[in-house]
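Read the numbers this way: they start at 1 and go in the same order the structure lists the ligands and their atoms.
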Amino acid sequence: MIGVFDSGLGGLTVLKALHERFPGHAFLYLGDHANVPYGNRSSDEIVEFTRAAVDTLFRRGCRLVLLGCNTATAVAARRLQQVWLPGSGWTGHNVLGIVAPTVEAATQTPWAVATPQYPQKYNSDLIAVFGTTRTITSGVYREEIRKRCPRVEVVQQICAHLAGAIEDEAPESILDRLVKDGVDDLLAQTGGNPPHRAILGCTHFPLVEHLFRRHLPPFTRILSQPEVVADSLEDYLARRPHYTDRDAGTPPLQVLTTGDAGEISTRARVFWPAVPAFGHALVPRP
Ligand code: DGL
């Protein structure tokens, strides 16, 4: 069983793509609605919330957990992989983030190749990245893209209140205004030049992709993070089939929240009618 974690509803955009891609695999989702949004929180809080959630998913039988959250990936993934996991006692378990597959897709360069390669080193595209405060200030997208494609220009834009507004079910007019402001601010940074590609670097943002499409120049292609994450996981699992070899007999889709299960079930069905009812999860924190 594979765990998928997000601060709230956003990771469901990733879960849905994975469920559709791997109908025979079992997925367990955990949304930390008790603490959403993460995007403007301190690094220590994000690391601690993410660690506790991953630990909970491991306890419930997942051997692989995917952080379906850019903020948790940008801030916590490396610390969990390199510091916490080796000493945690969870031998044979692993944690993956979603920045690596997104950078791979944006640069058309495998993650393991962290230096410029021909012909990518001649790539001089303009790439836009929209994200939460913590994801953008971490600089991870700019740094990892430019390692592989030093001539690519990466323009980053914080959308500080968008994930929270999506979680709060803000009216479409407010969401439209937040997206338009983000796109206008980004285009002010580029001097009006349209980016070649846009990364919606927050898993909540695909829920308002139609608004990004409305306000971004028609020239700009929006990279679908849920799809590139599914592509990457397909490749990863093909080389490590043991993570899913006990899935037979396990329900293909289970969803949990640290918030109010009834309320979250209703909200989640608005954009994914087939999602099962949420259960409540207690995530012990120290
Ligand atoms: N969906 C998350 C992300 O991909 C976090 C949004 C938030 O909680 O601020 O960044």
At a 4.0 angstrom heavy-atom cut-off, ligand 1 is contacted by D6, S7, V36, P37, Y38, G39, C69, N70, T71, T132, A163, C202, T203, H204
Which residues pass the side chain to side chain contact (heavy atoms under 4.5 Å, CB included) test with F271, sequence neighbours left out?
L9, L12, L207
Are Y243 and H25 an aromatic pair by the rule of ring centers under 6.0 Å?
no
Compare all side-chain heavy atoms of Q254 with those of F27 and state whether any distance is below 4.5 angstrom.
no
Restricting to side chain to side chain donor-acceptor pair (under 3.5 Å), what partner residues turn up for D247, sequence neighbours left out?
none
Should side-chain heavy atoms under 4.5 Å link Ile, Leu, Val, Met, Phe, Trp and Tyr, which residues sit in the same cluster as V65?
M1, F5, L28, L30, Y38, I46, V47, F49, V54, L57, F58, L67, V75, L80, W84, L85, W90, V95, L256, V283
Could you check N70, T13, T203 and say which one makes a side-chain hydrogen bond (donor to acceptor under 3.5 Å, both in side chains) with Q225?
N70
